[in-house]
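The structure appears below as structure tokens.
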Amino acid sequence: MSAKTDNLKEVEARSKAALPQDIVDWIGECKKRPHPESQLISTLHKVQGHYGYLAKEQMDAVAQLMQIPASKVTGVATFYHFFRLHPRGQFIINVCLGTACYVKGADRVVEKLKLELGIDFGETTKDGLFSLEASRCLGTCGLAPVVMIGDDVHGGVTPDKVPALLETYINKARSLRKQSR
Amino acid sequence: MSNPGLATYTGLAKKAESILDDRRESGKIRIQVGSATCEHAAGSNAVYEEFRRHIEASGRDDIILRRTGCTGRCSREPIVGVMVPGHLPVKYQLVDHDTAHDIFTSHILGGKPVTEKILDGSADESVQYEIMLCSGERCGRNKHLNLTKLFEKNLPKTALELGQVRLVSANCFGLCPSGGKGSAGHALIRPDNVLYHIENENDIREIIDNHILKGNVVERLRKHTEAISQRFFDMYGDVAFFNKQSRTALRNAGVINPEDIYEYIHYNGFEALARVLEKGDPQWVIEKITASKLRGRGGGGYPTGMKWANARKTTEETRYIICNADEGDPGAFMDRSMLESDPFSIVEGMIIGGYAIGASHGFFYIRAEYPLAIKRIEHAIDECRKLGLLGDNILGTGFSFDLEIRLGAGAFVCGEETALIHSIEGLRGQPRIRPPYPSQSGLWGKPTVINNVETFANVPAVLLYGSEWFRNIGTEKSGGTKVFALAGKVNHTGLVEVPMGTTLREVVFDIGGGVPNGKKLKAVQTGGPAGGCIPEKFLDTEVDFDTLAQVDSIMGSGGMIILDEDDCIVDIARFFIAFSQDESCGKCTPCREGTKRMLEILERITGGTGTPADLVKLERLATLVKKSSLCGLGRAAPNPVLSTLKQFRAEYEAHVFDKKCPAKKCSALIKYEIDPNKCVGCTLCAKNCPVPCISGVRRELHVIDQAKCIKCGRCFEVCRFDAVQRL
């Protein structure tokens, strides 16, 4: 039995307003098919794809529209590594810490990155430019050690190459800012 | 029988031929650029663009540019293949913007290959013909017909000496069932791509006299059935890294354009499906798969045919089939490569599996971290729907089946089948107790078969080339080949597909090219975080599910990391336990708490504060976790510790008793000193020290302040006089 409350319409409207229209439509589509609740992870992927992270407001809206308890939605969002509950920097630096990268010295690349950026894993620099994250394996072991910045995969990264690598993205951010002006 | 499966398929195949004929090929120059995540990372998109611009600027319409998947030669990417009619295909390695320019102007326009960039220095312009000899289980070990010797004996000496003809012995072509029966051999003549069936010395003389010397194909001996490895060897056969392999699951990787369904159909794609549907007997499919001795390639090694039979036996009518593409082992990337390079064969394998177990719905469960793989599978599914290979009434046979993609979200435990099912259901990916096994009660309580990507990729090959052929490639208990992802301290990193029963030594040294920088191999780590470290003395172990278990490791999904003398075994064990601890889903106590405590002990040992009692505790705890965890992953999590404790106990003891790290990797157990006899006072170490803790002036001895040193090793690396010593 799905919970019906007196202010259902109002809550539903608020939930719809909290999400982009395409995701609201997607949830509507899911509900027409068998096992709609199984699409929770796909829906959270879409929300994170749109906002970059999962905020409480959006998770509650998803829970409401999919008629899944908010506790379950939070449970799923916190269980899987891929989902973020906080906003992230403009560029996500994803250091691969898979076995191949590890034996080829990824730990020292991590040290250098932490030193240069002044942040730990899971944190974002004060200027909002970079977030540092660790990945279990990016699957490009042949190029180890590997660092992914944004969508670009960089192979054969040594601690020495780190400053120049970061510099390219700082410049990229600068030119992006100029363009938007 | 009015089952039109094969007739409909023949129509499709004809259409594919005419489409491909319009587009290519005869007499045209082809340039192919690798396109997969790793190729893109190495810069293949820019290379593709460069060629496109050049072709456009040249105004030539006899040059075709195309994309292919990845060949699995990771350390040499981007790889570009150039095929000029009448010449052996030339493959270039590490191609960048400038090399692309050189290749176009010198090779394409000028007819002169850019020799210094050729893959492994393979192609040689003076070679007119290359004779590739099958040295597989049957042909190669035939005592009465040693092809290599006989060819050497009969070929004109000058041809061999001048290098006009080259003899290459390659791994199994996969022709065994279609003749031979131990009395014949096979040879492939490149670049003509002609395959001969040879029974005696006279045949060899005839081939040499007519084909090699006069250029006339000997039709009498020619084989018209295409060998499964032929298209791959035709393209890549001259490279040792490739011709020592036997490509079944990766048969199309690096050969076809993974976004073109017609190219797949051209290479017998979907013919296995058509034959299966034409036959109309799911039980027959299961028998074929069972007879092939195909075992689950995800790591468990459960016989695929038996799994399918179990699901088929149930009385429940709704059944599901799932492809596990949540490749999570660190250091494994064969599934990604297959999904990206040959998505159609996996789709075909799934449709056949669905038909065999009686499912009408299947799911691809793919890691969200593999965006290109997701895109290519989505595309493949769409294309199949358009051609009536998925959806209602497939190939007009009345069989209906459809596929859906579900994304993982970064949880290692979701590789476990019950956890994976929970994840598809939209729940936290936590495993449950088995039985009931998913083949009895799985997704939404219905019978569900879950197979790995590589297993599905093998299915069409088994049905097309026969169970007997597949079984013969492998060992007694396990048929076929296995793809390994070779990485770590090895010269040629990449994907390697070899018959089951190949030795580790062949994989690491003959194909992988050994350990770089003249270092000594210490161990081969197989099976990822659930596996173990195999010491050098067991390198002659023939790889198979059972033999690897005998040396305290597992096959796993196929990750193979090579460790050299600089890698500390205790540190590697710590690395894997840290991984398992981080990925533990938290449902059962032994895994959740046990891995945590094991990690603490290992950190003490590598940190220099381990005690002899810690070793006892570690072993007891590891055994306990292995015995009492809920799921397979928890039970396997202590394997890296147990295997290294058994095989490399001395190294643990050195850490604990002598407070020494033999590999000089654990920073708490080493120190850096400057040798007064070697130091010339160049100041380089002091300049690079991040602390700084090195004192000394120019041209005088420098000294490291041990109290301040953080043991980063920077001074050790930069010193040009070997004066900094790691003790």
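Just so you know, these numbers use all the heavy atoms, side chains as well, and skip hydrogens, waters and symmetry mates.
- Neither the backbone nor the side chain of B:Ser337 comes within contact range of chain A; no heavy atoms are under 4.5 Å apart.
- Heavy-atom neighbours of A:His35 NE2 from other residues, nucleotides or ligands within 6.0 Å: above the threshold of 12.
- Neither the backbone nor the side chain of B:Leu486 comes within less than 4.5 Å of any heavy atom of chain A.
- Counting only N and O atoms by type, the side chains of B:Ser360 and B:Tyr320 include no donor and acceptor under 3.5 Å apart.
- The contact between B:Leu407 and chain A is made by backbone and side chain atoms together, counting heavy-atom distances below 4.5 Å.
- Taking the centre and axis of the six-membered ring of B:Tyr370, the NZ or CZ atom of B:Arg367 falls inside the cone set by 45° and 6.0 Å.
- Looking at B:Arg73, neither its backbone nor its side chain comes within 4.5 Å of chain A, counting heavy atoms on both sides.
- The residue among B:Gly494, B:Cys74, B:Gly410, B:Ala487 with the most heavy atom pairs within less than 4.5 Å of chain A is B:Gly410.
- Side-chain atoms of A:Ser180 come within 3.5 Å of backbone N or O of A:Arg177 as a donor-acceptor pair.
- Of residues 87-116 of chain A, those residues with a non-hydrogen atom less than 4.5 Å from any non-hydrogen atom of chain B are, in numerical order, A:Leu97, A:Gly98, A:Thr99, A:Ala100, A:Tyr102, A:Val103, A:Lys104, A:Asp107, A:Arg108.
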request  = Determine, stepwise, if the pair B:Ser553 / B:Cys533 fulfils side-chain contact (heavy atoms from CB on, under 4.5 Å).
outcome  = CA-CA 7 Å; B:Ser553 190; B:Cys533 293; over 6 Å; no
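- Taking CG from A:Leu65 and SG from A:Cys30, the interatomic distance works out to 11.0 Å, rounded to the nearest 0.5 Å.
- Taking a 6.0 Å sphere around NZ of A:Lys56, one finds it holds 12 or fewer heavy atoms contributed by other residues, nucleotides or ligands.
- Neither the backbone nor the side chain of B:Cys568 comes within contact range of chain A; no heavy atom of the residue lies under 4.5 Å from a heavy atom of that chain.
- For the pair B:Asn688 (side chain) and B:Leu684 (backbone), a donor-acceptor distance under 3.5 Å is present.
- Looking at B:Arg428, the atoms closer than 4.5 Å to chain A (heavy atoms on both sides) sit in the backbone and in the side chain alike.
- B:Arg376 and B:Ser35 share a donor-acceptor pair across their side chains, judged by distance under 3.5 Å alone.
- Just one residue in the list B:Lys522, B:Lys489, B:Lys665 forms a salt bridge (Lys or Arg N to Asp or Glu O under 4.0 Å) with B:Asp564, and that residue is B:Lys489.
- The distance between the ring centers of A:His45 and A:Phe83 falls below 6.0 angstrom.
- With chain A as the partner, the residue from B:Thr37, B:Leu563, B:Ile424, B:Ile405 showing the most heavy-atom pairs under 4.5 Å is B:Ile424.
- A salt bridge is defined here as a Lys NZ or Arg NE, NH1 or NH2 lying under 4.0 Å from an Asp or Glu carboxylate O, and A:Arg33 with A:Glu29 fails to meet this definition.
- Only the backbone of B:Ala332 comes within less than 4.5 Å of a heavy atom in chain A; its side chain stays farther off.
- Salt bridge status for B:Glu369 with B:Arg336: absent, with no side-chain N to carboxylate O gap under 4.0 Å.
- For the set B:Leu427, B:Leu495, B:Asp329, B:Val413, the entry with the most heavy-atom pairs within less than 4.5 Å of chain A is B:Leu427.
- Interface remark: of the candidates B:Phe412, B:Phe575, B:Phe576, B:Phe575 forms the most heavy-atom pairs closer than 4.5 Å to chain A.
- Neither the backbone nor the side chain of A:Thr43 has a heavy atom closer than 4.5 Å to any heavy atom of chain B.
- Residue A:Leu138 touches chain B through its backbone alone, counting heavy-atom pairs closer than 4.5 Å.
- With a 4.5 angstrom heavy-atom cutoff, B:Glu717 touches chain A only via side-chain atoms.
- For A:Asp60 and A:Gln64, the side-chain atoms include no donor-acceptor pair closer than 3.5 Å.
- Contact annotation for B:Glu39: neither backbone nor side-chain heavy atoms come within less than 4.5 Å of a heavy atom of chain A.
- Of the listed residues B:Gly328, B:Gly429, B:Pro690, B:Gly331, the one with more heavy-atom pairs under 4.5 angstrom with chain A than any other is B:Gly429.
- Residue with the most contacts toward chain A among B:Gln430, B:His492, B:Met334, B:Glu583: B:Glu583 (heavy-atom pairs, distance under 4.5 Å).
- For chain A, the nearby part of B:Arg714 is the side chain; its heavy atoms alone come within less than 4.5 Å.
- More than 12 heavy atoms of other shown residues, nucleotides or ligands fall within 6.0 angstrom of atom NZ in B:Lys587.
- For the set A:Pro159, A:Ser38, A:Ser135, the entry with the most heavy-atom pairs within less than 4.5 Å of chain B is A:Ser38.
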